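Keep in mind that what you see is a predicted model, and the values were worked out from it rather than measured. Just so it is clear: chains get the letters A, B, ... in the order the sequence lines come, proteins before strands, and each one is counted from 1.
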2 protein chains.
Amino acid sequence: MTDVARLAGVSHQTVSRVLNNHPSVRPDTRERVLRAVTELSYRPNAMARGLASRRSRVLGVVSFDTILYGPASTLLGIERAARRAGYGVSIVALERVDRAGVLSAVDGLAAQGVDGVIIIAPQMAAAAALHSLPRGMPAVAVETGPEGVLPAVSVDQAAGATLAVRHLLELGHTTVWHVAGPGDWLEARDRVHGWRAALEEAGAPVPPVISGDWGARSGFTAGAALAGRREVTAVFTANDQMALGLLRALHERGVRVPDDISVVGFDDIPESEFMLPPLTTVRQDFDEVGRRSMAALLRLINSARRGGGPNGGGSHGGPDSRGPQVGESSEDGGEADEEVGASVVPPTLVVRRSTAPPRA
Amino acid sequence: MTDVARLAGVSHQTVSRVLNNHPSVRPDTRERVLRAVTELSYRPNAMARGLASRRSRVLGVVSFDTILYGPASTLLGIERAARRAGYGVSIVALERVDRAGVLSAVDGLAAQGVDGVIIIAPQMAAAAALHSLPRGMPAVAVETGPEGVLPAVSVDQAAGATLAVRHLLELGHTTVWHVAGPGDWLEARDRVHGWRAALEEAGAPVPPVISGDWGARSGFTAGAALAGRREVTAVFTANDQMALGLLRALHERGVRVPDDISVVGFDDIPESEFMLPPLTTVRQDFDEVGRRSMAALLRLINSARRGGGPNGGGSHGGPDSRGPQVGESSEDGGEADEEVGASVVPPTLVVRRSTAPPRA
DNA sequence: TCATCGATTGTTAGCGCTAACACTACTGCG
DNA sequence: CGCAGTAGTGTTAGCGCTAACAATCGATGA
């Protein structure tokens, strides 16, 4: 930096000012400095910057060690939003998702000097860790239900399930069966809740829940069980993979979809559009989740730095500081917003060809 | 740190020594310092550390913005290996994979202060960027073929394809058709090469390549085209997703697998085991890829620091400094090792139920 | 005309840590 | 008995940057 300063004929501090686009630098000075920067192909040292300014412009994401569509997409959504805001993203993929795992991951990230963390914690065990995070570390939870300790962003799972069920009921089905995800996943629970609520609201009978594990195999098993029962005309599976397995099982047994049984999935994975028949499913907007969690985290970081101010002016990196973005979904989620703030992204129903009215 | 030093009754330097487990500290002193650290729940400041020592203990991974099984698994493998070695992982997911994209990603990572980067660049366009990386940044390429400019780690795609083809030929098929991946992917090309080579080696006729795009739909299309031809008895698809589509198309048209046509995929995604019928496929060991690329990168980082020394003693972070781990695969890859070093991980064939001898 | 003010720039201190060297015991040896 | 050698520890300088304050300049208004 000293070299740049010398070449531009200014002090190193002026160089620093230009780099952080501080307002009061004369345009021609700025010009000169920038030219010197280019000429020397100078790159500021992130460590020194971080040390002096106490911010690293890197945030941490705690995810887990799997290639499930939801978590992976969420991670990508966050990365995209972070990059746009001028932040780097450091990840930790948990091997075991439990309290200790989450805690040590956050610790590791803290030791790495991240400005804040976003925790993708869709399982109960992980959510439990949220209570005992290190003080002073800005943190946002994603897909973790209303834990209340942290600002949380999630897709409204219950609403998605309701969407699916209503769609089927409106087609004329008397009830809808449900193949659920693993019981320790919050998303699985919420989908069950939404399903049950929609059924009850419509006065429809509530069949027993069939439990699965997100894998295609468990959908297959469920399908095998359901194929024989003539009273089953509509099934809502908690994700698309299980729907895939279910479709297979039905097909194998000569049960036609949607003629004999209608099927709705959840996630809208790339394959869904292409299943046989193309799957009606519930789409989650992971990009929006990424954007909102990023916005919430930035708010937290800034208020932590300014001792409580609401939203600091962004400096250097991000052209993208869309202010009112979180908390705008005022209509939905009946739960009283925790004071820490929760943001719920509405899912949408993608109607394809796996759903139809029941046989007359 | 000063506080810790005071509490332990030593100098701050001694505290530093303990933290970096420097050898010459008396056990009881170390003990005392550690106690003080715990009591004050002191956490070293990564920035300051990095600034003073010129290493961040974070490495960057350039990947791209998709949830394809291969790249995602590789990322996880790298993350796991890095964590084990005491390194953090910062990621950039490219939206467009081209020279400029890769370069700017590496730049961003460099600005973040990573000690080195691992580039997952399975496309030609990305591989092209490898030539113009910033000097002085230790870098390793993954799944990028023998570019020669960087140490590279990859699964031996051609060998995998050969495995698949030989398996089918040994079952008695006279030839094997191939549904390839997109032409700008190195892996797709290598699989084509391996397929063709194995066929030629056996003196079998080489049918025209059917091209796909990794997606299930293109496999379906290919399957639809192939289903009608009685001379087709064996198909090797360049990934499992396409195999899935292919199986569907065949099934829909009443072609039985494996009775009428045998199918082999590539990747061994979780669903493969469960397809109808369970898919014979080629498995890639992404964990091994992660370990090797990590080891190669560490070697590079250390030699850059010591001006050529082979392998420096690990400090603080990793209890796990498995020295001789890479380069041990002396038997495989016939290609002359580029002087920068290339490491090839052998794939394995997983035989399931989608392959059988042809109809007599 | 002179004090005042704001815009622009420079100067001075660290940020919290590690590296390099200096220093103090000891130990072993001739 | 004295010297080198070797733990173990302390002292001193920065690492490259930003924050806070000081200084300069021209323009403004009384």
_Does either side chain, that of B/N45 or that of A/R54, offer a donor lying less than 3.5 Å from an acceptor on the other one?_
no
*Separation of B/R32 atom CZ from D/dG8 atom C1', in whole Å?*
12 Å
*Using whole Å, report how far NE2 of B/H22 lies from P of D/dA7.*
10 Å
*B/S11 near the nucleic acid: base, sugar-phosphate alone, or nothing, with a heavy-atom cut-off under 4.0 Å?*
base
*Could you check whether B/S24 gets within reach of a base, just the sugar-phosphate, or nothing at all, counting any heavy atom under 4.0 Å?*
base
*With sequence neighbours left out, which residue pairs that include part of residues 30-41 of chain A fulfil the side-chain hydrogen bond (donor to acceptor under 3.5 Å, both in side chains) condition?*
none
Taking N or O atoms only and anything under 3.5 Å, show me the protein contacts with nucleotides 12-18 of chain D, one pair per line.
residue : atom : partner : partner atom : Å
D/dC15  : O3'  : B/R54   : NH2          : 2.9
D/dC15  : O2   : B/A52   : N            : 3.4
D/dG16  : OP1  : B/R54   : NH2          : 2.4
D/dG16  : N2   : A/A48   : O            : 3.4
D/dC17  : OP1  : A/Y42   : OH           : 2.3
D/dC17  : OP1  : A/N45   : N            : 3.1
D/dC17  : OP2  : A/M1    : N            : 3.3
D/dT18  : OP1  : A/N20   : OD1          : 3.4
D/dT18  : OP1  : A/N20   : ND2          : 2.9
D/dT18  : OP1  : A/R49   : NE           : 3.2
D/dT18  : OP2  : A/S16   : OG           : 2.5

*For side chain to side chain contact (heavy atoms under 4.5 Å, CB included), just list the numbers for A/D287 and A/R291, CA-CA rounded to whole Å, side-chain angles, deciding distance to a tenth of an Å, and then say yes or no.*
CA-CA 6 Å; A/D287 254 39; A/R291 272 193 297 277; 4.0 Å; yes
*Would you call B/R84-B/E79 a salt bridge at under 4.0 Å N-O?*
no
*Ignoring backbone atoms, establish whether A/T29 has a side-chain N or O less than 4.0 Å from OP1 or OP2 of C/dT9.*
yes
*Count the heavy atoms of every other residue, nucleotide or ligand shown that sit under 6.0 Å from CZ of B/R96, and state whether that count exceeds 12.*
no
*With sequence neighbours excluded, residues passing side chain to side chain donor-acceptor pair (under 3.5 Å) with A/S90*: A/Q112
